[in-house]
K.L.:
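Please find one structure pasted underneath; my questions will follow.
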2 protein chains.
Amino acid sequence: MRRSERIVRMTRLLMNHPGAPLSLTEMALAFDAAKSSLSEDLAIIREVMEQDGEGTLHTQTGAGGGVVYTVDIAPQRATEFATEVRERLGQADRILPGGYLYMTDLLDEPEVLRTVGRMIASAFTALVPDVVLTVETKGIGLAVMAAQYLNCPFVVARRDHKWTEGTSVSTNYVSGSDRRVQTMSLARRSLPEGARVLLVDDFMKAGGTLKGMTALCAEFRATVVGRAVFMATSEPEEKLVSEYVSLFTLAKVDEVHHAVEIKTGNYFSSGGRFA
Amino acid sequence: MRRSERIVRMTRLLMNHPGAPLSLTEMALAFDAAKSSLSEDLAIIREVMEQDGEGTLHTQTGAGGGVVYTVDIAPQRATEFATEVRERLGQADRILPGGYLYMTDLLDEPEVLRTVGRMIASAFTALVPDVVLTVETKGIGLAVMAAQYLNCPFVVARRDHKWTEGTSVSTNYVSGSDRRVQTMSLARRSLPEGARVLLVDDFMKAGGTLKGMTALCAEFRATVVGRAVFMATSEPEEKLVSEYVSLFTLAKVDEVHHAVEIKTGNYFSSGGRFA
């Protein structure tokens, strides 16, 4: 196999399995190459990934030696994305009754999902979450993509109790914005005891949903290692959860004057790292 | 830039944007390379991808010349996956009351999602869907991943009507298995008129849900180009939709004798291509 071909295969293998430890011995067999040659290739790939801000390779030495590709996002790309989102979501025709903003179309797009997934994954990878938890429905795409880049399962809490899931645990929570009591459920089998959980959602007002998810995790004796939302409203200033990361802040939705103001969230002010 | 570095960058660029046309002119600028060098690199990448059954590159000639990476899955990988799924889902402790099978954990895993996403995307790429539609909740992960590989948005029909979505269209449908009348809704803005829609769901018994999704598409004057489900039950034999692709068939769930039988679906018998 020519070196150029091997580099295509190794790059592909790493990108197809972000966050997963890949065995050097297995690579050597699959590519019929000496480990020393693979190490040179990996050094090239690492250099390129780091130079471009697209991630890095962690080498694990020893008998079961291997390599893990962890994704990152170049600050320039994150900034470009922020500009694009603020422009697109800042349009007045997105205002919905009740101070909501129509943003489903954006969060349905493949490139937006990849970018947000990378942003969330790179922010929390150092905290080694082993599951991403969201609540149905609109945050699921983000949870799926963050989990892809973190190489962990995503789990969805349901707003109803579906019996096709087997035994489940339910919790009541108060939606902070309209003060309604709501229920969310999670199948007993879906979250292992002691799991390190990253909570992901698309939108947060007072934080009642995230607080409910946190309570649900406690029922499973799971640890919440972080909370990430695509957009948080600036009001109410005091949220029901103390720590969260928001990519964007909805600073103003003026239904009367048709004005929307979106700012970047604390993700950007803290350099995109939470560990 | 050394050739090996450029090959890492090009492989990464293509894999980060499956299904998306990438401009040769922009690549030449970004990589500071002659188009002839890029073409040589692309030839290497194409050869490797095709050899490994991981996809191919389509070159678009002319002034706006570019290249598109379309994903595929090696038949051997698909077969290995089928064996793994049949083993894992064939466990008796997965039987749930009512002839259902607990499979959420499987469909939450990153590698399973990638594999199923690739299988569905490669099967339907020739039909050029421009949106993947599912209905909440359990098929969303599959829809997200299929849409990623097809480079198109995914859209979720809701089982309730959420007013935060703006104007929406609802349809009633009869669940084929328990004969209950149910509702699904789709935001008016979420599906453009004339869209080519690929329907994706996790589980199908009689096909009522897929029939409902088909009816919903008709309301939007959208064309259903295909229907893909992860698992279909063998009973009832006659389904409410005439054409669908299933990856697996649930042939038997015996609650009394704790036996499950899973077969491969028509995806495998038709060579994984539907065009």
Side-chain angles (χ1 to χ4, degrees), chain A residues 2-5 7-12 15-20 41 44-45 47-49 51-52 54 96-98 100-102 104-105 108-111 113-114 131 136-138 140-141 143-145 147-156 158-160 162-166 187 189-190 203, chain B residues 2-5 7-12 15-20 41 44-45 47-49 51-52 54 96-98 100-102 104-105 108-111 113-114 131 136-138 140-141 143-145 147-156 158-160 162-166 187 189-190 203:
Chain A
R2 281 181 298 167
R3 163 165 245 177
S4 51
E5 293 174 19
I7 286 186
V8 172
R9 290 197 167 94
M10 291 180 72
T11 305
R12 185 183 66 200
M15 291 193 62
N16 270 338
H17 302 90
D41 299 343
I44 295 169
I45 298 174
E47 199 191 313
V48 168
M49 292 295 188
Q51 230 175 59
D52 299 352
E54 289 265 334
L96 294 167
Y100 285 91
L101 205 64
Y102 182 74
T104 305
D105 56 338
D108 285 354
E109 290 179 14
E111 181 65 22
L113 283 174
R114 279 192 285 269
V131 61
E136 60 186 357
T137 299
K138 286 193 277 180
I140 299 180
V144 170
M145 293 309 289
Q148 279 289 321
Y149 290 120
L150 290 164
N151 193 44
C152 68
F154 82 99
V155 167
V156 181
R158 310 285 298 248
R159 292 195 192 273
D160 51 6
K162 286 283 184 211
W163 55 275
T164 56
E165 294 291 299
R189 313 197 207 192
S190 64
F203 198 80
Chain B
R2 281 181 297 167
R3 165 166 245 179
S4 50
E5 294 174 20
I7 286 186
V8 173
R9 289 198 168 92
M10 290 180 73
T11 305
R12 185 182 66 200
M15 292 195 61
N16 270 337
H17 302 90
D41 299 343
I44 294 168
I45 298 174
E47 199 191 314
V48 169
M49 291 295 189
Q51 230 173 62
D52 299 352
E54 289 265 334
L96 295 167
Y100 285 90
L101 206 63
Y102 182 74
T104 305
D105 57 336
D108 284 354
E109 290 179 13
E111 181 66 23
L113 282 174
R114 278 193 286 269
V131 61
E136 58 187 359
T137 299
K138 286 191 277 180
I140 299 180
V144 169
M145 292 309 289
Q148 280 290 323
Y149 290 121
L150 290 164
N151 193 44
C152 67
F154 82 99
V155 168
V156 181
R158 309 287 296 251
R159 292 196 193 271
D160 52 6
K162 285 283 182 216
W163 54 276
T164 55
E165 293 291 300
R189 314 196 206 193
S190 64
F203 198 80

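The basis for the numbers below is simple: all heavy atoms, side chains too, and nothing from hydrogens, waters or symmetry mates. Within every chain, numbering begins at 1; the chains are lettered A, B, ... in the order of the sequence lines, protein sequences first and strands thereafter.
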K.L.:
Between chain B and each of A:Val48, A:Thr11, A:Ile7, count heavy-atom pairs under 4.5 Å; write down the option with the most.
P.N.:
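The residue among A:Val48, A:Thr11, A:Ile7 with the greatest pair count is A:Val48.
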K.L.:
Out of B:Glu109, B:Arg2, B:Met49, B:Glu47, return the one with the most heavy atom pairs under 4.5 angstrom to chain A.
P.N.:
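Max contact count across the listed options: B:Met49.
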K.L.:
Using a 4.5 angstrom heavy-atom cutoff, name the option from B:Val155, B:Leu150, B:Val144 with the most pairs to chain A.
P.N.:
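Result: the option with the highest number of such pairs is B:Val144.
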K.L.:
I want to check something: taking the side chain as every heavy atom from C-beta on, are B:Lys138 and A:Arg158 in contact at a cut-off of under 4.5 Å?
P.N.:
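The answer is yes; the side chains approach within 4.5 Å.
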K.L.:
Where do A:Phe154 and B:Asp108 come nearest, in terms of heavy atoms and distance?
P.N.:
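Shortest heavy-atom separation between A:Phe154 and B:Asp108 comes out as O-CG, 2.8 Å.
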K.L.:
Does A:Pro110 have any side-chain contact (heavy atoms from CB on, under 4.5 Å) partners at least two apart in sequence or in another chain, and if so, which?
P.N.:
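Checked A:Pro110 against side-chain contact (heavy atoms from CB on, under 4.5 Å); matches are A:Arg114, B:Gln148, B:Asn151.
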K.L.:
Do you know which of A:Arg189, A:Met145, A:Met10 has the most heavy-atom pairs under 4.5 Å to chain B?
P.N.:
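Result: the option with the highest number of such pairs is A:Arg189.
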K.L.:
Quick check on B:Asp41 against chain A: is it the side chain, the backbone, both or neither that has a heavy atom closer than 4.5 Å?
P.N.:
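It is neither, since no heavy atom gets under 4.5 Å.
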K.L.:
If I measure from the heavy atoms of chain A, does B:Val8 come under 4.5 Å with its side chain, its backbone, both, or neither?
P.N.:
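For B:Val8, backbone and side chain are both near chain A.
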K.L.:
Determine the option with the most heavy-atom pairs under 4.5 angstrom with chain A, choosing from B:His17, B:Met15, B:Glu136, B:Arg12.
P.N.:
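Option with the top pair count is B:Arg12.
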K.L.:
Name the region of B:Val156, side chain, backbone, both or neither, that has any atom closer than 4.5 Å to a heavy atom of chain A.
P.N.:
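The side chain, not the backbone.
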K.L.:
Mind ranking B:Arg3, B:Glu5, B:Glu54, B:Gln51 by heavy-atom pairs under 4.5 Å with chain A and telling me who comes out on top?
P.N.:
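Of the options given, most contacts go to B:Glu54.
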K.L.:
Specify which of B:Ala20, B:Cys152, B:Ser190, B:Gly141 makes the most heavy-atom pairs with chain A at under 4.5 Å.
P.N.:
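Of the options given, most contacts go to B:Cys152.
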